[in-house]
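Remarks on the structure that follows.
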Amino acid sequence: GVRLVGSEMCIRDSAKRIYYETSMKITRDREGPIGRLAACTLIACNQNDVPRTKKEIAEIYGIKVATLTRNYNKLIKILDDLGHTSTLESNDILKSAADFVPRFCSKLGVIGDPTFQNRVINAIEIAEENGLTDGNAPDSIAASAILFIALEKKMKITKKDIEREC
């Protein structure tokens with residue numbers, strides 16, 4: 001399974017702070033507190049430069065991605081209402097697509113080719129400059145760029161591999 005690595009204590013502390021800061025504004029949790037805890041963890045991971053996908057966090061908490069997304073969107077609105085806009089901008093919370101590339105490449109076993117990651121990041125930058133990434137999640141953009149470069153280089157990475165590992 002997916003585990004939180006890196007600054008786990010910082011992530012845990014940040015998630016707790018977010019949970020308690022927002023708890024006064026939550027009138028009712030449809031699924032109970034687990035969805036909100038997962039959303040707090042997602043925000044905390046990204047604030048502490050340990051970007052994780054919604055899929056990974058949902059897996060850790062044993063919930064559906066839709067449940068996490070619903071709670072995440074609710075928390076972002078509450079944090080914005082509480083005046084945390086400057087520190088919780090969507091781009092800051094979600095990170096950039098390039099932040100996911102090293103970990104995704106590692107999970108796919110593409111760590112021996114130093115130029116591969118650079119080409120993927122370059123493809124992401126070109127796509128962003130041309131407005132091709134608007135409305136897409138950073139982790140999806142990274143996964144798509146990895147698949148694109150893998151296909152271009154005729155590597156044996158399939159869409160199923162990307163779906164499973166990223």
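Values in this document were obtained by computation on a predicted structure and should not be read as measured data.
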### Nearest non-hydrogen partners of Ala142 and Val120, listed with the distance
O-CG1, 4.4 Å

### Query
How many angstroms lie between atom CE of Met155 and atom CG of Leu147, to the nearest 0.5 angstrom?
11.0 Å

### Message
Under a 3.5 Å distance rule, please check whether Thr133 uses its side chain to pair with a backbone N or O of Asn136 as donor and acceptor.
### Response
no

#### Entry: side-chain contact (heavy atoms from CB on, under 4.5 Å) partner of Ile157, the single match among Leu151, Val110, Ile149
Val110

### Query
Any idea which heavy atoms bring Ile11 and Ala44 closest together, and the distance?
O-CB, 3.4 Å

### Query
Is the backbone N or O of Lys77 less than 3.5 Å from a side-chain atom of Asp80, with the two atoms forming a donor-acceptor pair by type?
no

### Query
Do other residues, nucleotides or ligands put more than 12 heavy atoms under 6.0 Å from the NZ atom of Lys55?
yes

### Message
Walk me through whether Ile76 and Ile43 qualify under side chain to side chain contact (heavy atoms under 4.5 Å, CB included).
### Response
CA-CA 9 Å; Ile76 294 300; Ile43 294 169; 3.9 Å; yes

### Query
Should Phe116 and Ile146 count as side-chain neighbours, where that means a heavy-atom distance under 4.5 Å?
yes

### Message
Let me confirm one number: the NZ-OG1 distance from Lys54 to Thr69, rounded to the nearest 0.5 Å.
### Response
4.0 Å

### Task
Hey, could you give me the OG/CD1 distance between Ser96 and Ile121, rounded to the nearest 0.5 Å?
8.0 Å

### Query
If Ile, Leu, Val, Met, Phe, Trp and Tyr residues are connected whenever their side-chain heavy atoms lie under 4.5 Å apart, and connections chain through other members, are Ile57 and Val65 in the same group?
no

### Task
Could you go through the side chain to side chain contact (heavy atoms under 4.5 Å, CB included) check for Tyr61 and Leu42 one step at a time?
CA-CA 11 Å; Tyr61 281 90; Leu42 176 63; over 6 Å; no

### Message
When you compare the side chain of Asp139 with that of Cys166, does any pair of heavy atoms fall below 4.5 Å?
### Response
no

### Task
Begin from the C-alpha positions of Lys153 and Thr115 and carry the test side chain to side chain contact (heavy atoms under 4.5 Å, CB included) through to its verdict.
CA-CA 11 Å; Lys153 293 185 78 171; Thr115 61; 4.1 Å; yes

### Query
Can you check whether Lys159 reaches Ile162 side chain to side chain, under 4.5 Å on heavy atoms?
no

### Query
Can you name the closest pair of heavy atoms from Pro51 and Arg103 and give their distance?
O-NH2, 2.8 Å

### Query
Do you know which of Thr22, Thr67, Ile78 makes side-chain contact (heavy atoms from CB on, under 4.5 Å) with Arg36?
Thr22

### Query
Short question: side chain of Thr41, backbone of Leu37 - any donor-acceptor pair under 3.5 Å?
yes

### Query
Where the side chain of Asn122 meets the backbone of Asn118, is there a donor-acceptor pair that is under 3.5 Å apart?
no

### Query
So do Pro138 and Asp99 actually touch side chain to side chain, heavy atoms under 4.5 Å?
no

### Query
Ser23 side chain to Tyr20 main-chain N or O, any donor-acceptor pair under 3.5 Å?
yes

### Task
Can you measure from NZ (Lys16) to SG (Cys40) and round to the nearest 0.5 angstrom?
12.5 Å

### Message
Please check: side-chain N/O of Lys107 versus main-chain N/O of Glu165, any donor-acceptor pairing under 3.5 Å?
### Response
yes

#### Entry: Value rounded to 0.5 Å, distance of CD in Glu56 from CG in Leu68
11.5 Å

### Task
With rounding to the nearest 0.5 Å, note down the distance linking CZ in Arg52 to SG in Cys45.
6.5 Å

